[in-house]
Amino acid sequence: MNKVASAIAFFIFAFAGIGGLLVVRHYRWADTRESTTLQSKNLTADELAQESEIATLVSKDASQFDRELNLRVITSLPKSFVELEAVHRQRANDACEPLPANEPVSMGRWMSILTHWDNRRKIPKELEFSRREVLTIGLQIPQDDQLTLPMLSKERILTFLNENYLSLQLRLVRNGTTKQVHLHHRPVAVVTKYRSAGLSQDFVEPLGQKTKEIRGLGVLRSPESNPDPFQIAVWLFRSSWQTASERFPTIHHEFIFIRSKNGIESSQSDAIPLEVFATSEGRTRFHYFGVRTLPASEIRSVSNADLVGRIHFTHYASDGLHPSQSVTRSGEVRSSRVFSLRSVEKFMNEQGLVGDWQDHLPLILDGLADARIASGID
């Protein structure tokens with residue numbers, strides 16, 4: 001699912017907006033300060049030093065695992081490229097989990113075993129899980145890149161992308177005794193058909209593999225998070241971008257934030273309104289996608305998806321017919337409002353907040369949702 005992660009990051013956090021207020025914008029996610037070009041496996045001295053620094057940070061995971069709730073807790077966000085690479089590697093076991101075929105796309109009930117992952121862990125018996133859709137992603141192949149598809153599998157590939165989209169979902173956890181609900185950090189992915197999102201479809205490569213590039217970093221515990229310290233789930237996307245004119249792909253990192261609006265007041269998974277936010281362009285743009293409730297909006301075609309990734313297949317399986325790797329050419333994001341880093345920093349100055357925006361995430365999300373931060377792109 002190279003496609004998906006690329007689509008995802010490109011969008012990077014493209015969450016659907018509310019009603020008719022959708023703003024469609026076209027972006028190439030470019031982090032000019034921190035992106036790394038994968039030019040060859042022969043690393044330079046600087047690249048070797050960077051790899052060594054990443055490896056050191058990987059061995060120093062500062063997160064905590066709350067065994068009572070079976071979720072990972074973080075107290076801060078990674079900022080630099082090295083920190084982002086390190087934490088992404090640390091969270092390999094918290095990668096987005098693709099659901100198999102014939103699972104219900106929408107889940108309004110609680111279950112003791114939600115996915116195969118639950119069968120492999122020692123989970124407290126009183127815990128129950130559910131999941132909610134927070135983002136939809138559609139994929140396309142540009143006309144010029146369609147010319148490079150294998151003749152024997154071209155029609156099948158295009159048909160699959162035209163008929164299916166990816167539903168990214170948030171896992172919820174509830175204490176079956178107290179009925180207290182928390183957001184969980186590990187994302188879930190479902191492939192389903194446009195117009196008929198009843199049951200999941202089989203994951204096909206590179207969809208399944210690339211989905212794992214989406215990692216759940218943790219649930220943010222912050223003194224600024226009131227009243228529920230477990231109300232912001234943080235995901236990190238890592239993807240490869242490469243335009244037709246570029247010789248080598250570039251690595252990009254972006255965040256997605258999901259929080260319960262006004263805290264969690266209901267023990268019913270389908271009654272919890274969720275707000276979705278994302279960053280883009282090297283975490284210098286912020287997107288607010290509004291509130292997600294059930295039932296989820298019907299996705300009739302790729303034009304209705306929250307994110308649209310235009311991809312190019314770079315590698316195929318040994319038979320030469322089935323894609324195994326891809327890069328993102330361009331992307332399209334639909335959100336209610338878009339904000340610049342300059343506007344966020346101005347808001348921080350007005351509020352007397354010191355440091356970077358990552359140090360004050362709950363307050364920044366409040367400002368984005370409440371429109372106290374001026375929207376628009378500089």
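Taken to the nearest 0.5 Å, the CD atom of Glu281 stands 7.0 Å off from the NE2 atom of His287. To the nearest 0.5 Å, atom CG of residue Leu363 and atom CD of residue Gln351 are 7.5 Å apart. Taken from CZ in Arg174 to CE in Met111, the straight-line distance is 13.0 Å, to the nearest 0.5 Å. Taken to the nearest 0.5 Å, the CD atom of Glu97 stands 11.0 Å off from the OG1 atom of Thr211. Once rounded to the nearest 0.5 Å, the distance linking CD1 of Ile364 with CD of Gln358 reads 9.5 Å. Rounding to the nearest 0.5 Å places NE2 of His184 at 12.5 Å from CD1 of Ile258.
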- Going through the checks in order, is the side chain to side chain contact (heavy atoms under 4.5 Å, CB included) test met by Ile137 and Val308? CA-CA 6 Å; Ile137 300 171; Val308 179; over 6 Å; no
- Task: Please lay out, stage by stage, how Val219 and Ile74 fare under the test side chain to side chain contact (heavy atoms under 4.5 Å, CB included).
- Result: CA-CA 6 Å; Val219 180; Ile74 58 175; over 6 Å; no
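The hydrophobic cluster containing Leu158 also contains Leu166, counting ILVMFWY residues as joined when their side-chain heavy atoms lie under 4.5 angstrom apart, directly or transitively. Under the 4.5 Å side-chain contact rule for hydrophobic residues, Ile232 and Val291 share a cluster. In the hydrophobic clustering of this structure, Leu149 does not group with Leu321; members are Ile, Leu, Val, Met, Phe, Trp, Tyr whose side-chain heavy atoms approach within less than 4.5 Å, directly or through other members. No chain of hydrophobic side-chain contacts below 4.5 Å, direct or via other Ile, Leu, Val, Met, Phe, Trp or Tyr residues, connects Phe129 to Phe65.
Not one N or O on the side chain of Thr136 forms a donor-acceptor pair closer than 3.5 Å with the backbone of Ala305. Remark: the backbone N or O of Ser324 is not paired with any side-chain donor or acceptor of His315 at under 3.5 angstrom. Here the side chain of Ser153 pairs no donor or acceptor atom with the backbone of Arg156 at under 3.5 angstrom. Counting only distance, with no hydrogens or angles, the side chain of Asp356 and the backbone of Asp359 share no donor-acceptor pair below 3.5 Å. Looking at Ser200, its side chain does come within 3.5 Å of a backbone N or O of Pro100 through a donor-acceptor pair. Panel note: side chain Asn164, backbone Phe160; a donor-acceptor pair is recorded below 3.5 Å. Distance alone, capped at 3.5 Å, is enough to place a donor-acceptor pair between the Arg132 side chain and the Arg292 backbone. Side-chain atoms of His253 never come within 3.5 Å of backbone atoms of Arg283 as a donor-acceptor pair (strictly under, hydrogens ignored). No donor-acceptor distance shorter than 3.5 angstrom exists from the side chain of Asp145 to the backbone of Pro142, with no hydrogens or angles considered. Within the 3.5 Å criterion, the main-chain N or O of Ala95 finds no donor-acceptor partner in the side chain of Arg215.
When ring centroids are compared, Tyr316 and His322 stay outside the 6.0 Å threshold. In summary, the aromatic rings of Phe257 and Trp235 are positioned with their centroids too far apart to meet the 6.0 Å limit. If you look at Tyr165 and Tyr194, their ring centroids are closer than 6.0 Å.
Looking at Thr75 and Arg221, their side chains never bring a donor and an acceptor atom within 3.5 Å of each other. Between the side chains of Thr115 and Arg171, at least one donor N or O lies within less than 3.5 Å of an accepting N or O. When only modelled atom types and interatomic distance are considered, Ser167 and Glu133 share a side-chain donor-acceptor pair under 3.5 Å.
Under the 30°/60° scheme for interplanar angles, the aromatic rings of Phe277 and Tyr288 are found to be tilted.
Partner Val173 forms a side chain to side chain contact (heavy atoms under 4.5 Å, CB included) with one of Val181, Leu114, Leu71 and no other, that one being Leu71.
Screening residues 81-91 for salt bridge (Lys or Arg N to Asp or Glu O under 4.0 Å) gives Glu51-Arg89, Asp61-Arg91, Glu85-Arg89, Glu85-Arg238 as the qualifying pairs, with residues at least two apart or on separate chains.
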